[in-house]
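Computed over heavy atoms, backbone and side chain alike; hydrogens, waters and symmetry mates excluded. All of these numbers come straight from a predicted model, not from anything done at the bench. Below, chains carry the letters A, B, ... as their sequence lines are ordered, and counting in each starts from 1.
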Amino acid sequence: GSSGTKVALVPGGPHPYFAAWEKAGKDAVKDFGLGKADYKVPAEWDLSQQNELIESLVGKGYNAVLVFPGDAVGTNKILGELDDAGIPTAALAGCVEQPTKAKMCFGTDTGHSAYLGTKQLIKAMGGKGKIAHFTGFLVDPNTTLRINAVEKAVAEAGGGVEIIQVIADIDAYEPADEKINAFMAAQGGEVDGIVTTAWVPAVVASQALTNMGDKRIKMVGIDHDEVVLKAIKEGYVHGTMLQNPYGQGYIGSYVMDKIRGGCVFKANAPWKSTAQTDQFIDSGTVFVDITDVDTYVDAMRGISLDILKTFDGTYLDC
Amino acid sequence: MTKKLPNFMFTNQFGLFCIVIIFVIIFSSITDGFTSRFNIYALSRVVAIDIMIGLAMMVVILTGGLNLALGAIGVCAAMFGGWCMETMGIPVIPSIFLILGMGSFLGYINGVITVKTGVHSFIVTLATMSIYFGLMTMLTEAEAFRRLPASFTDFGSIKLFNKYVSPLLIISVTACLTLFYLFKFTDIGRKLIAAGANPDAAELSGISVNTMFIYCHMLSGFLGAVAAIMLTTRIGAAIPSMAGQLGMDWLLPAFLAPVIGGTLLSGGKLSVFGTMLGAILVTLITNGLYLIDVGEFWIRFFLGIILLIAVILDKTREHFTLKSVIVS
Amino acid sequence: MTELCLEINRADKAFPGVQALSKANFKLKKGSIHALLGENGAGKSTLIKIITGIHKQDHGDLLINNSARVLNTPNDATLYGISVVHQERNLIRRFSVGENLMLNNLPRNHFGLIDYKEIAIQSKKWLEIMDLNIDPATLVSDLTVAKMQLCEIAKALSLKSKILLLDEPTSSLSPQESENLFLLLKKIVRDEGVSIVFVSHKLEEVFSICDEVTVLRDGKNACTSEKIENLNRKKLVKLMIGRDEQIVRAKSQNSKNKNLVLKLNNVKSEIGHRDINLELHESEIVGLYGLVGAGRTELAKCLIGIEKIVSGDVEINGLKQTIHSPKTALEKFRIGYISEDRKKEGLILIHNVLDNSSITVWSKIKKAFGYVTDGMISMKVTPYIQQLEVKTPSNYQLISNLSGGNQQKISVVKWLAAGTDILIIDEPTVGIDIKTKAYLHKLIIELAETGTSIILISSDMPEMIGLADRILVMKDFKISGEVNNNHNYDKTSAAIMEYIHD
Amino acid sequence: MTITLQTLLKKDWFGLLIVVILSGILITLFKPAFLSSFNLYVLMVSTSYMLIIALAQMIIISIGQMNLSVGAIGGLVAISFSGVMEVYHLSVPLAIFIGLAIGVICGFLNGFITVKSGISAFIITLATLYIFKGINLGITEAEPFYEIPSAVKNFGNAKIGGTPIPYLIIIPIIITVLMWVLMNRTETGRHMLAYGNSVQSAELLGISSSKVVITAHVISGTLAAVAGMLVVCRLQLGTPNIGDSWLLPSFAAPVIGGAILAGGKVDVIATSLGVLIVAIISQALVIFKIDPFFVQIFLGLMILLAVFINRYREYKQEASRKVFTHD
Ligand SMILES: Nc1ncnc2c1ncn2[C@@H]1O[C@H](COP(=O)(O)OP(=O)(O)OP(=O)(O)O)[C@@H](O)[C@H]1O
Ligand SMILES: Nc1ncnc2c1ncn2[C@@H]1O[C@H](COP(=O)(O)OP(=O)(O)OP(=O)(O)O)[C@@H](O)[C@H]1O
Ligand SMILES: [Mg+2]
Ligand SMILES: [Mg+2]
């Protein structure tokens, strides 16, 4: 690697999900001999704040940016401007919608992950029953993708399964607690399964089920908050859709260095394509339940290493 | 009868101006890249939008009220514009007028409800914020408009004065000048201020206070729409999340700028250039803090501290100037 | 008993742009009623505020019972047995009368919690002493200006202090109310050896109750502790304004042949006026006399469209008209109203002299695109400001920093500038010094002579009789009678009282 | 004095009580589940901390100021409270004490700086909002604290005996009563209202503004602290996001309850009912399975409706006053 490479890893805002990026960056510097790979957090979860940060980082001489898009569409403009300034960028963890100047989207296909999660839930429910869907801000384009994905999975399950309620806009804990418990009070008896496709609802719903001591209602969550994992271990939650933040940061930094070193993506690279982009590489999205909840960390590391081993060969021309 | 310091030295704007200068000096000396062309350009663009948002809030604070729906109005206007240009294929210039119209209209609704019901604008706009934003998400299903005419979106990336300044800043400065003219040199502007300061007295002096208040809300909506247009050109698309959930990401900058700028929350006293300087100050500080490595999560902390220092500095200046008026 | 209980030596006080007091002396004898006089802006209230620990003098010292004291807060003053009624009303509008009276030492029950029954009982006592028949539970905001003022006096008395400072306590009282007050004051001076400082612009009052007089002019002593016996009205006026007072009298003009500009036929208002009939001719001054609470202000507000008229009709220049708002009143019918409540309805305290005095003329003097500059404005209003000799460092001084009287002048200025055909003037000279008062009277007459028709609301009988051509007496929201004024005080006042007490 | 409709109409809380009852009846007609014990429990839980948050704002409104940092204080206390228990394994009472102490300090800072600088509390608390939230993020780096003692967790999720009443609501109810006493039966409270009515008058009356302002802010900070800790009990984790969503509700409830932002007029009972109304509305939106894309619209309309009903009461009252004002 080149010590000239200064990578910035920019999350959408302060959020536990991205915590692993910091170590990932440091390790990348160590292992690949990059100049820098720093974790830089916007002061608030706010698109303009993120843009301000990125701009100031460029001002400070960072020359490669890995960003979790503050908005799947809105982030494109600045990526374009960075590209004009000769700074390679990539969308990390989540994707930006095409057309885009991002070199790749390395992370999770949010829609597909929701789809798989729902599939798992329906399986756990024995192919029939009523399910509820808790998700994040409607103004986040990903939310719409998730809602559609869940509907798709349900539709494929045939008549047996129906969505009885979708609760959105609960990305803050207090309202989430209020709404989800209100739902439990009103529908707790009827509902057989819950799928959550955002961090906060996943945590709060797991908490609620644990408090109710209810193992009848099956739930599939998202991400790796301790509350969710604990609830899985205790059997109140069926499972969760995990992502690979460490791998994203680690490999992402590596790729940025390669690209600055003059590598380009193969014309015939085996891209996956999602609702948002067709330059997608899955950083490892896996369903975890009680059987493998204790071992998923190693599993993830394994996945990361595999991706890394084969990356140059499969994607890059150097 | 009294020996005076030059008048402008009494003004809150002057104090802010000095503070801004101080911070510019500090940051440009201790950080690398603060004065870089790229950074200054970026700053000019951010400042431009914050100024506009600040002005939009200022004109409602003038009435002694608040406009929590400002962000929501902005987003609605922007999305409406997106719809006009992308879906309806209306050309840019007419679309812009439609957007401004939409902004003013939503503001008008706020104004009318506030005036007719006598409910405080805080609660009215709190409600309309939900309603406007809800309608927007419902109608657009949160789908962004991103195939806007290039002539429109490129505007946000034009670089002027050998690539140092964004044209957006020109717009904001023009807006400031216009508002300054309105409030200082026109009867309507003076009436707006009087109505805000003491509605009873203004009414008895033959000013139709209700009309004035409605104007203020409309003006707020209008300026909000301008800010929305600027942000859209800057983002390159009309996206429902451009002002965050319910448009509330706009609220902090919206309040910071005018209030630091010396606009009275109880109404009846405003400062256009104060608001401008307020916006500049806040953006400067944030940018400066990003450039200095204060440690990942401490930025907000220092932002707060510096804000505090800044306003207190300004206050002490005020005391000093007032004391130094010598009575002969 | 010549010993002093309060003494101020060579006190200076400067405000930004103003030297309110310079080397002012003041000596108060035990058990005396001491008049503190001076023009508007002379520094009376400032002196009072220094004695009560609100302002701190820049130089000079303050002795209470012959020992030097430093007062940092109003409470200190209270501790030294000083209580005060300020020129401005200082009641908490949303609190009950009782609570306001007791606010500084609220009675507690044995849980240490406020005891409202006790409040009612104690405050009732003081209200009765002022013979106010108000339920202590009434909200202050429901009271008239006059009742508020009486409540504040009751409050000051309730502190049972040895030194009582009254800054224009009678400014909005009716003659009867003032009379009762004076009896009361004399009584407490006699029985309880209280000493009183009495600020007023009504010299009759001064001569009727005061023992000694101190006069301020531009913050300096024009005289200190002068015995009242050695003074007469003429001398006193000369001390205050530095020259003789000119007495103004309107020459009685028969305006019956002049054309009718305003006519009310059996007007009935939403707030309770009944069969009001009123005729106002061109360049005529019609007086509305009545006790505070008679509904005169409200009638005025009906005329300018603030309050609703439910039946009967209003004719302006012979045509039936409905006036929806002060805006139409001003712009369409050229009717103006000078409010009696300058702080709430008259002025914008946070704005400067210029803006306040010009608020009514902006739309008139504006050029294309509503272009208006400070320059254009001061050209229009400065003449009036100078005529009325408003004491202010500049046109850009904040109104809230002007002395009470000067504030009143500004609220008059803005209507002079507006140049209306019909002007309703409500208690124009409350708190105005005699010099300005004389000037205002002259002004009102001149206005009338130059064709303005005036409705004059005043509780000041001499003023009323001095100015009005005809006097309508109001009582309980009805016109109880009309007196044709021949400017003979005794006859006319008697006639008026007829209609008030029957 | 006898309680007539007249006297009731004067009360701010009366109109709101009507709103609560009506909405309660309406919802129950369509969804009897609304009165189910679990639902009542949930309703009381969400009311519990919102109540304290609203009161924390209300007391600042009473002196005619605003406290934008309630949420930030609540959040900072929340993470400190859970943090000291997880990291330093402090006992619960000690942690509570620390939490309260932080609340008091933050509140004091707000009040003290406001008084000494003479700058509007709005700006000061806006700055301290950044400072407190900044410290919060600086400490946690956005990572929640998870190890909450089971005692705390249970307190946040247990009901009293067989009743649907959560333990969580006990403290808020006590505090509400105390606040009512403070605002209506103590000199401190009355002086605050007097100050809020007119700063100038209050000063002429010898009411010490610094005492009033600082006290109010200290109380506000303490209440925010209590709310923060209650939320931790409820969520069973100390996440840095606690408090982020407090600001608007904290104003909404008092203002719906007829508080005047200019100061001098607040009503504890009405504020509590305001909280209840907001809670009922947002619950109704769930119970009636409102399409997520409609939720915001309904929320807005409901708030307006609630306020208008209360406003209508005021009209009635004013009308009746006009008739009685003379002879
Ligand atoms: N707070 C203040 N700031 C600035 N100037 C002030 C302030 N208070 C009073 N002044 C000025 O000090 C002078 C004296 O004011 P003061 O109120 O003592 O007059 P006064 O004798 O009471 O007049 P009036 O009879 O009208 O009440 C006036 O010129 C006034 O403008
Ligand atoms: N004791 C009271 N309680 C409640 N309201 C009162 C009381 N006394 C008067 N008012 C209100 O004040 C109005 C009259 O007060 P006001 O003094 O303005 O009348 P006015 O005839 O203009 O007297 P003036 O003009 O001499 O002050 C009444 O119509 C009533 O609305
Ligand atoms: Mg005075
Ligand atoms: Mg009157």
Worksheet item: Above 12 or not: heavy atoms from other molecules or residues under 6.0 Å from CZ of F298(D)?
Response: no
Worksheet item: Is it the side chain or the backbone of E178(A) that comes within 4.5 Å of chain D heavy atoms, both, or neither?
Response: both
Item to complete: Evaluate the side-chain contact (heavy atoms from CB on, under 4.5 Å) criterion for residues Q296(D) and L138(A): first the C-alpha distance (whole Å), next the side-chain angles of each, then the deciding distance (0.1 Å), finally the verdict.
Response: CA-CA 11 Å; Q296(D) 289 300 347; L138(A) 287 168; over 6 Å; no
Fill in: Among V166(A), T210(A), D169(A), residue most engaged with chain D (heavy-atom pairs, under 4.5 Å)
V166(A)
Worksheet entry | Proximal component of V227(A), with respect to chain D [non-hydrogen, under 4.5 Å] | both
Discussion item. Could you measure the distance from the CD1 atom of I290(D) to the CD1 atom of I167(A)? Nearest 0.5 Å is fine.
Written reply: 11.5 Å
Practice prompt. Using a 4.5 Å cut-off on heavy atoms from C-beta on, say whether the side chain of L237(D) contacts that of Q207(A).
Written response: yes
Worksheet item: Going by atom types alone, do Y173(A) and D244(D) pair a side-chain donor with an acceptor below 3.5 Å?
Response: no
Worksheet item: Of the non-hydrogen atoms in V42(D) and A185(A), which two are nearest, and what is the gap between them?
Response: CG2-CB, 4.2 Å
Worksheet item: With only heavy atoms counted, which part of L235(D) is less than 4.5 Å from chain A, the side chain, the backbone, both or neither?
Response: both
Discussion item. Any heavy-atom pair between the side chains of N241(D) and W45(A) that's under 4.5 Å?
Written reply: no
Fill in: V286(D) backbone acceptor or donor facing Q165(A) side chain under 3.5 Å
yes
Fill in: I164(A), part contacting chain D, at a heavy-atom distance under 4.5 Å
both
Discussion item. If we define contacts as heavy-atom pairs under 4.5 Å, which of G189(A), A168(A), A186(A), P16(A) has the most with chain D?
Written reply: P16(A)
Discussion item. Using heavy-atom distances under 4.5 Å, tell me whether F293(D) contacts chain A through its side chain, its backbone, both, or neither.
Written reply: both
Worksheet entry | Donor-acceptor contact below 3.5 Å, side chain E174(A) vs main chain G243(D) | yes
Practice prompt. Please round to the nearest 0.5 Å and tell me the distance separating atom CG of N181(A) and atom CZ of R234(D).
Written response: 4.5 Å
Item to complete: Enter the distance from F18(A):CZ to E143(D):CD here, rounded to the nearest 0.5 Å.
Response: 12.0 Å
Item to complete: Output the option from Q187(A), H15(A), E44(A) having the highest count of non-hydrogen pairs under 4.5 Å with chain D.
Response: Q187(A)
Worksheet item: Under a 4.5 Å heavy-atom cut-off, does chain A meet the side chain of F34(D), its backbone, both or neither?
Response: neither
Response to the item:
Per-residue tally against chain A (heavy atom, under 4.5 Å) across L43(D), N39(D), V231(D), T239(D) peaks at T239(D)
Item to complete: State whether the number of non-hydrogen atoms from other residues, nucleotides or ligands found under 6.0 Å of K215(A) atom NZ is greater than 12.
Response: yes
Worksheet item: For A43(A), is it the side chain, the backbone, both or neither that has a heavy atom under 4.5 Å from a heavy atom of chain D?
Response: backbone
Worksheet item: Side chain, backbone, both or neither: which part of P144(D) has a heavy atom under 4.5 Å from chain A?
Response: side chain
Item to complete: To the nearest 0.5 angstrom, please state how far the OH atom of Y146(D) sits from the NZ atom of K230(A).
Response: 11.5 Å
Practice prompt. Give, as side chain, backbone, both or neither, the part of N157(D) having an atom under 4.5 angstrom from any heavy atom of chain A.
Written response: side chain
